[in-house]
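Here's the structure we're looking at; comments come further down.
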Amino acid sequence: MRQENSGAVPRHIAIIMDGNGRWAKKRFLPRLAGHKQGVESLRRCARACVERGVQVLTVFAFSSENWSRPEEEVSGLMGLLATALAKEVKQLSRDGVRLHFVGERAGLSDKVCAGLADAEKTTAHNDRLILNVCFNYGGRWDIVQAAAQLAARGEPMTEQALARAMALAHVPDPDLLIRTGGEMRVSNFLLWQLAYAELFFSSCLWPDFDEATLDEAIAVFAGRERRFGQTSEQVQQTS
Ligand code: FPP
């Protein structure tokens with residue numbers, strides 16, 4: 001009999017929150033209005049993850065490549081991050097969420113960096129959900145920075161050593177990747193850590209993402225057989 005993921009809730013969910021711009025365009029609103037609504041969606045999603053017993057949520061908020069967007073949108077996203085920190089940290093903390101910001105700090109203003117450090121400190125005691133917000137992040141950047149750390153220490157380049165030097169070394173690899181917005185690609189997100197993640201693509205635009213779509217993704221995940229390179233028969237023997 002085929003052994004499924006037996007109703008398991010993924011320990012770690014990663015999300016590419018795509019579709020904010022299209023959501024806004026459909027409503028004749030500026031793109032930033034879509035991103036603002038995206039923050040609301042993220043808050044709801046974090047709470048839903050807490051309620052479902054997900055331990056880690058990692059989201060792609062600003063990629064290394066997003067700097068090439070129009071200046072107005074880039075500065076809008078920076079401003080939105082500052083506003084979101086000021087507005088959301090208390091509530092996230094009440095929900096038991098611990099924040100981590102993952103990505104290159106160089107290139108971000110001192111004010112933004114101070115805000116990130118402050119939010120991490122304020123939420124450091126929370127233990128219901130780790131929320132990794134990838135900001136100024138790229139999967140290739142992460143692999144290169146990890147390799148550079150090993151080289152600088154003269155440490156042998158092994159898979160384990162590299163994994164320990166990666167920006168998400170504080171959490172297990174994602175079990176499930178969700179991408180909204182209808183595109184089916186990874187877009188330089190968590191290239192190393194997604195090696196064995198199950199992928200779920202939804203046409204839903206990120207601001208419309210709700211508990212029903214999250215539950216659909218979790219149900220699809222639960223029905224998948226995770227083989228990690230083994231055969232189906234081997235997996236069934238060991239489960
Ligand atoms: C992709 O949608 C989304 C982003 C580049 C930004 C994601 C940011 C948020 C959801 C807000 C949370 C951010 C902070 C600052 C905490 P898109 O703009 O590419 O949408 P489109 O494909 O419809 O144009």
Side-chain angles (χ1 to χ4, degrees), residues 13-49 57-93 95 97-105 107-109 111-120 122-123 129-139 141 167 177-190 200-210 213-214 217:
I13 298 181
I15 308 186
I16 300 177
M17 309 179 289
D18 198 9
N20 295 343
R22 278 164 285 164
W23 184 94
K25 196 172 176 191
K26 271 177 37 182
R27 289 162 179 77
F28 306 101
L29 294 168
R31 292 179 59 82
L32 197 62
H35 295 314
K36 275 189 188 151
Q37 205 59 36
V39 174
E40 304 282 318
S41 199
L42 176 53
R43 184 191 337 103
R44 285 197 309 268
C45 179
R47 177 173 287 179
C49 284
L57 175 64
T58 299
V59 296
F60 208 4
F62 190 86
S63 78
S64 313
E65 291 74 32
N66 284 152
W67 292 107
S68 61
R69 291 197 173 200
E71 145 64 20
E72 189 188 331
E73 184 167 347
V74 171
S75 58
L77 278 163
M78 294 295 157
L80 193 56
L81 176 65
T83 317
L85 288 174
K87 232 177 94 184
E88 309 290 350
V89 168
K90 261 196 195 137
Q91 185 56 51
L92 285 170
S93 208
D95 290 340
V97 177
R98 177 174 188 174
L99 276 164
H100 277 277
F101 292 91
V102 176
E104 202 175 0
R105 298 280 163 112
L108 300 180
S109 73
K111 196 172 158 214
V112 166
C113 289
L116 303 186
D118 200 42
E120 285 179 340
T122 309
T123 61
L129 176 80
I130 292 178
L131 173 55
N132 296 309
V133 178
C134 296
F135 201 90
N136 199 17
Y137 171 88
W141 163 81
L177 170 76
I178 298 173
R179 180 173 186 148
T180 59
E183 314 288 354
M184 296 190 196
R185 51 178 172 259
V186 173
S187 300
N188 197 19
F189 189 42
L190 306 179
F200 178 85
F201 298 102
S202 168
S203 57
C204 152
L205 303 176
W206 175 249
D208 293 327
F209 187 85
D210 58 9
T213 318
L214 177 67

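As the structure lists them, so they are numbered: ligands from 1, and atoms in each ligand from 1. For the numbers below, each heavy atom of this structure counts, side chains included, while hydrogens, waters and symmetry mates do not. Predicted model, so just to flag it, every value in this text is computed and none were measured.
- Taking the six-membered ring for Trp and thresholds of 30 and 60 degrees, Phe189 and Phe60 have nearly parallel ring planes, at less than 30 degrees apart.
- Arg27 places a side-chain N or O within donor-acceptor distance of the main-chain N or O of Trp23, the cut-off being under 3.5 Å.
- Using bins of under 30°, 30° to 60° and over 60° for the plane-to-plane angle, the ring pair Trp141/Tyr137 lands in the perpendicular bin.
- Residue Gly19 places a heavy atom less than 4.0 Å from ligand 1.
- At a 4.0 Å cut-off, not a single heavy atom of Lys36 sits close enough to ligand 1 to count as contact.
- Atoms of ligand 1 lying under 4.0 Å from at least one heavy atom of Ala61, given by number and element, are 6 (C), 7 (C), 8 (C), 13 (C).
- For ligand 1 and Val39, the ligand atoms under 4.0 Å from any heavy atom of the residue are 11 (C), 12 (C).
- Just one residue in the list Glu71, Glu65, Glu73, Glu72 forms a salt bridge (Lys or Arg N to Asp or Glu O under 4.0 Å) with Arg69, and that residue is Glu73.
- Annotation: Arg69 places an N or O atom under 3.5 Å from an N or O atom of ligand 1; distance criterion only.
- Residue contacts with ligand 1, taken as heavy atom pairs separated by less than 4.0 Å, involve Arg31 solely via side-chain atoms from C-beta onward.
- Looking only at distances, no side-chain donor or acceptor of Arg179 sits under 3.5 Å from a matching main-chain atom of Asp18.
- Shown in contact with Met17 at under 4.0 Å from a heavy atom are these atoms of ligand 1, numbered in order with element: 1 (C), 2 (O), 3 (C), 9 (C), 10 (C).
- Without hydrogens or angle criteria, Asn188 side chain to Gly139 main chain gives a donor-acceptor distance under 3.5 Å.
- What sits closest to atom 4 (C) of ligand 1 on the protein, heavy atoms only, is His35 CE1, 3.8 Å.
- In this structure a side-chain-to-backbone donor-acceptor pair under 3.5 Å is present from Asp210 to Thr213.
- For atom 16 (C) of ligand 1, the closest heavy atom belonging to the protein is Leu81 CD1, 4.0 Å.
- Between Asn66 and ligand 1, no pair of N/O atoms sits closer than 3.5 Å.
- Nearest-heavy-atom check against atom 9 (C) of ligand 1 across Asn20, Ile15, Leu205 picks out Asn20.
- The shortest N or O to N or O distance between Trp206 and ligand 1 is not under 3.5 Å.
- Nearest approach of Gly34 to Ala24, heavy atoms of both residues: N-CB, 3.7 Å.
- Considering backbone and side-chain N/O atoms, Gly21 comes within less than 3.5 Å of an N/O atom of ligand 1.
- Contact atoms of ligand 1 toward Asp18: 1 (C), 2 (O), 17 (P), 19 (O), 20 (O), 21 (P), 22 (O) (distance under 4.0 Å to a heavy atom of the residue).
- Looking only at distances, no side-chain donor or acceptor of Trp206 sits under 3.5 Å from a matching main-chain atom of Thr180.
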